[in-house]
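Encoded as structure tokens, the structure appears first; notes follow it.
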Amino acid sequence: MTVTEQLPPDLAAGGGPLRTLLRLRPEVVVTAQGDDLELSHPWGRQRVHALGADTVDRLAELTRTEVDLDELPAGGRLLHLLRRFPYLVTTTLADPLGVPLATAVPIARSAGLPGLGRSGLGRSADTAVLSRFAYLRRLPEEHAGACVLESPTAPFRLTLHRPAAGAFVAAVTASRSVDEAALLAGLAPAAGRSLAGLLAGAGFLDDTAQGEPPLWDFHDLLFHARSRPGRHDYPSGGVFAHPEVAQLPAIPGTGPREEGAGIDLPVPDWDEVLARDPALSEVLEGRRSVRTYAERPVTLDQLGELLYRVARVRRVIPGDPADPHGYDIVDRPYPAGGATGELEVYLSVVRCEGLVPGVYRYDAAAHRLRPRPFSGPGDETAFRELMTAAWRATGCSVDPQVLLTVTSRFGRLSWKYSQIAYALTLKHVGVVYQTLYLVATAMGLAPCGLGSGDTDAAARALGLDWTAESSVGEFLIGSRPSDVPRTAHGFADMVTEARG
């Protein structure tokens, strides 16, 4: 059976215009107080005065059912109120019986009523093409049969209730007339024009008049919009969105391919470190990426001190077992949101005095290196790929001595922090980079943070499931040449030049 054959006559070729149904978002709570009311919603609350009992009753009814736009008086108080708070109003295109085709749900306070006019959404432009930032995905199983259209540039989420609506969206991935797109989707021309109007009003079509953000890639703009509040209505922050899943342990256990008791690293002496460390300002001003190495490689003792000062676990504070949101706090030398301690450090060693070349995991609680011998030729090949990628990242200027790969056990964050977990782990990586730079500079080593790495090669070389624990940062450490100063003895700036 074709899509057209499944559609009622009003949606299939030859059908008439669709109904436009309005209602309040399901989260909106209307509290009536005589002729006044209070609207509580995801973005706050507003009080509205002197509406009249009839308008208060009708608005409260919109939390339970839809109203047809054509049944609202043009100058009435209710329509005026919906225009005043458009970010609380959902707009549905439906057939004469009220069966929905598509629903626009506002997800940002900047949303307006999408192309709202009399007699439906009005006539759209003759041609339409989908925004390059729009994407279609299915809803969870409890909403089987529906999918949503979203875009970081659109202040709406569009639910497509019928396959024909999805077919229309697919048809306008290339610029074509609205009537042709409707024909390809099996919709009546009038239904296609209504749907195109909804897409345009909700911000899902490429508006050549305003243009689309030219300097953004799709994934970057989506990541930015979804990992900060303001451009979506999804729960965000410490909302503990996965109560059915146990939190990952604060300290990871022995991993795959790890053999033996490991290599215990020496613990640096506090007084000795203080006696030889330069002042913080000297280190800050002297910090730079060093892409040349001394002939003698970095030593195991130096690596041990660096890891201890940067990445060790100082203590674990147990969570309250009676609290469903309780979890073990991990205290490390660098700050981290929620103190979840999700970052781990792996070493890929080519040249290090006192350490056999290969892959190691830093056991941050025991201050120990755990060797991860290769399980086959593929792992060794991946190891060489990592080293080659690091070499290229330095402009092919230096053969790596030790590559530190920072990984994230994502579940430690996403268990608590919905929507912002990945953005948060990247912030933590930046903090680790700076801490590595400062400590390595103070120790007289050659630090160099890398801008990217090979996720797949790292997973194979380190023996990880990249969806559970994956590389999120790469950092080279080597021995510092004697002709590269490690500190500065004065501030460098361009203040005089900038002030003119």
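What you are looking at is a predicted structure, and each value in this text was computed from that prediction instead of being measured. Only this structure's heavy atoms are used, side chains among them; waters, hydrogens and symmetry mates stay out.
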With a 4.5 Å cut-off on side-chain heavy atoms, are [Y] and [X] touching?
X      : Y      : answer
Leu158 : Val169 : no
Thr394 : Leu450 : yes
Leu222 : Tyr135 : yes
Leu307 : Leu347 : yes
Tyr327 : Arg412 : yes
Ile477 : Pro447 : yes
Val148 : Leu160 : no
Tyr308 : Val273 : no

side-chain contact (heavy atoms from CB on, under 4.5 Å) partner of Asp328, the single match among Val316, Ile317, Thr340: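 Answer after filtering Val316, Ile317, Thr340: Val316.
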Rounded distance (nearest 0.5 Å) linking atom [atom1] of [X] with atom [atom2] of [Y]:
X      : Y      : atom1 : atom2 : result
Leu476 : Met387 : CG    : CE    : 7.5 Å
Leu39  : Gln46  : CG    : CD    : 7.0 Å
Leu300 : Leu355 : CG    : CG    : 5.5 Å
Trp270 : Arg309 : CH2   : CZ    : 9.0 Å
Phe218 : Thr153 : CZ    : OG1   : 10.0 Å
Tyr433 : Leu404 : OH    : CG    : 9.5 Å

Test applied, side-chain hydrogen bond (donor to acceptor under 3.5 Å, both in side chains); reference residue, Glu353; option that passes from Gln401, Gln302, Arg296: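 Single side-chain hydrogen bond (donor to acceptor under 3.5 Å, both in side chains) partner of Glu353 among Gln401, Gln302, Arg296: Arg296.
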Name of the residue among Thr63, Thr90, Asp233 meeting side-chain hydrogen bond (donor to acceptor under 3.5 Å, both in side chains) with Arg25: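 The side-chain hydrogen bond (donor to acceptor under 3.5 Å, both in side chains) with Arg25 is passed solely by Asp233 among Thr63, Thr90, Asp233.
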Neighbour count above 12 (heavy atom, 6.0 Å) for [X] [atom1]:
X      : atom1 : value
Arg384 : CZ    : yes
Glu244 : CD    : yes
Arg314 : CZ    : yes

Determine the minimum heavy-atom distance between [X] and [Y], stating which atoms define it.
X      : Y      : answer
Arg332 : Gly341 : NH1-O, 3.6 Å
Leu445 : Arg480 : O-NH1, 2.6 Å
Arg231 : Arg226 : O-NH1, 3.2 Å
Ser408 : Glu342 : OG-CG, 3.4 Å
Leu306 : Ala440 : CD1-N, 3.9 Å
Gly326 : Trp415 : O-CH2, 3.8 Å

Looking only at side-chain N and O atoms, does [Y] offer a donor or acceptor that is under 3.5 Å from a partner on [X]?
X      : Y      : value
Ser414 : Tyr422 : no
Tyr362 : Glu344 : no
His161 : Thr103 : yes

Intermediate values then yes/no, side chain to side chain contact (heavy atoms under 4.5 Å, CB included), Thr405 and Thr407: CA-CA 6 Å; Thr405 300; Thr407 68; 4.2 Å; yes
Charged tip of Arg157 within 45° of Tyr234 ring normal and under 6.0 Å: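 That pair qualifies as a cation-pi contact.
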Ring center gap for His41 and Tyr87 short of 6.0 angstrom: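 Ring centroids of His41 and Tyr87 are less than 6.0 Å from each other.
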CA sep, side-chain torsions, deciding dist, call: Ser348, Leu462, side chain to side chain contact (heavy atoms under 4.5 Å, CB included): CA-CA 9 Å; Ser348 298; Leu462 306 180; 4.3 Å; yes
Looking at [X] and [Y], would you say the former's side chain and the latter's main chain have a donor-acceptor pair under 3.5 Å?
X      : Y      : answer
Ser470 : Thr467 : no
Asp217 : His219 : no
Arg109 : Trp43  : yes
His489 : Glu282 : no
Arg372 : Ala461 : no

Lys/Arg-Asp/Glu bridge criterion (N-O < 4.0 Å) met for Asp379, Arg257: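 Yes, charged N to carboxylate O under 4.0 Å.
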Arg361 with Glu469: basic N within carboxylate O range, under 4.0 Å: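 Not counted as a salt bridge, because no side-chain N and carboxylate O are separated by less than 4.0 Å.
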Trace of the side chain to side chain contact (heavy atoms under 4.5 Å, CB included) decision for Phe168 with Leu199: CA-CA 10 Å; Phe168 184 87; Leu199 286 169; 3.8 Å; yes
From CA spacing to verdict: side chain to side chain contact (heavy atoms under 4.5 Å, CB included), Leu265, Leu303: CA-CA 9 Å; Leu265 298 170; Leu303 276 183; over 6 Å; no
